[in-house]
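Excluded from the calculations below are hydrogen atoms, water molecules and symmetry mates; all remaining heavy atoms, backbone and side chain alike, are included.
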Amino acid sequence: MKKKATLNNTPDCRVRMQAISDAMSILSGKWKFHILGTLIEGDKLGFMDLLREVDGIGSKMLSKELQDLEVNRLVSRTVMNSKPITVEYSITEYGKTLSPLIDALANWGIEYRQSVYKNK
C-alpha cells in the first residue's frame, strides 16, 4: 500500500504549489522571460524592434508569445494611427513587478554557470 503525502498535503502547501503552477503556466517557454526583460529595459518597442532584440525567435513565435503575455496582462499592445499601421508593445505596471524575479533568476543563472565551469 502506497503511503500518503504528508508534506505536500497541508493547506498552505497546496495553495503555494497551485500558485507556483499558475506562475509557471503563464511564464513557461523559451521566450517569455527574454521578451519581458527586453520590454522592461526598452520601455516601448515595435514588433520589428522586438524581433531584432530577441535573438533567434521567429515572427510567428513572437506574435504568439506577445498574445499570451497580453492576455495575461503583462504586456500591452497599442495600434498606432500611422501609415502603414504600426503596433507598439510595452510592459504593463503588473508586468514590471516581474523585474526582481527576472533579476534574481539571472543572478542565479550566472552563479550556477560559474559553479559548473569552476568544477570542470
A.B. asks: Considering non-hydrogen atoms only, spot the tightest contact between Val87 and Arg77 and give its length.
C.D. replies: CG1-CG, 3.4 Å

A.B. asks: Would you say Val75 and Met48 are hydrophobically clustered, going by side-chain heavy atoms of ILVMFWY under 4.5 Å?
C.D. replies: yes

A.B. asks: Count I, L, V, M, F, W, Y as connected when their side-chain heavy atoms are under 4.5 Å apart, and connections chain through other members. Are Leu101 and Leu105 then in the same cluster?
C.D. replies: yes

A.B. asks: When clusters are formed by joining ILVMFWY residues with side-chain heavy atoms under 4.5 Å apart, either directly or through shared neighbours, do Val116 and Trp108 land in the same one?
C.D. replies: yes

A.B. asks: Do you know the tightest heavy-atom contact between Ile35 and Val54?
C.D. replies: CG1-CG2, 4.1 Å

A.B. asks: Hey, quick one: are Met24 and Leu98 part of the same hydrophobic cluster, counting side-chain heavy atoms closer than 4.5 Å, chains of contacts allowed?
C.D. replies: no

A.B. asks: What pair of heavy atoms forms the shortest contact from Pro100 to Lys96, and how long is it?
C.D. replies: CD-O, 4.2 Å

A.B. asks: Mind checking whether Leu66 and Leu50 have side chains closer than 4.5 Å, heavy atoms only?
C.D. replies: yes

A.B. asks: With a 3.5 Å cut-off and no angle check, do the side chains of Ser76 and Thr92 form a donor-acceptor pair?
C.D. replies: no

A.B. asks: Establish whether Ile40 and Ile110 are linked, either directly or via other cluster members, by ILVMFWY side-chain heavy-atom contacts under 4.5 Å.
C.D. replies: no

A.B. asks: How long is the span from the CD atom in Glu65 to the NZ atom in Lys60, to the nearest 0.5 Å?
C.D. replies: 14.5 Å

A.B. asks: What pair of heavy atoms forms the shortest contact from Leu27 to Phe33, and how long is it?
C.D. replies: O-CE1, 3.9 Å

A.B. asks: CG of Leu69 to CG of Leu74: how many Å apart, nearest 0.5 Å?
C.D. replies: 6.0 Å

A.B. asks: Work out which heavy atom in Leu51 is nearest to a heavy atom in Ile57; give both atom names and the distance.
C.D. replies: CD1-O, 3.6 Å

A.B. asks: Taking atom CD of Glu88 and atom CG of Asp43, what is their separation to the nearest 0.5 Å?
C.D. replies: 8.0 Å

A.B. asks: Check this for me: Arg73, atom CZ, are more than 12 non-hydrogen atoms of other residues, nucleotides or ligands nearer than 6.0 Å?
C.D. replies: no

A.B. asks: What distance separates Glu41 CD from Ile91 CD1, expressed to the nearest 0.5 Å?
C.D. replies: 10.5 Å

A.B. asks: Can you label the angle between the Trp31 ring and the His34 ring as parallel, tilted or perpendicular, going by 30° and 60°?
C.D. replies: tilted

A.B. asks: Step by step, would you call Asp68 with Lys64 a salt bridge (Lys or Arg N to Asp or Glu O under 4.0 Å)?
C.D. replies: CA-CA 6 Å; Asp68 288 350; Lys64 179 200 167 301; 3.0 Å; yes

A.B. asks: Okay, side chain of Ser63, backbone of Ser59: is any donor-acceptor separation there less than 3.5 Å?
C.D. replies: no

A.B. asks: Can you list the steps and then say if Asp22 with Gln18 is a side chain to side chain donor-acceptor pair (under 3.5 Å)?
C.D. replies: CA-CA 6 Å; Asp22 292 345; Gln18 183 61 55; 2.8 Å; yes

A.B. asks: Please check if the number of heavy atoms outside Ile20 that lie under 6.0 Å from its CD1 is greater than 12.
C.D. replies: yes

A.B. asks: Is it the case that over 12 heavy atoms from other parts of the model lie below 6.0 angstrom from the CG atom of Asn107?
C.D. replies: yes

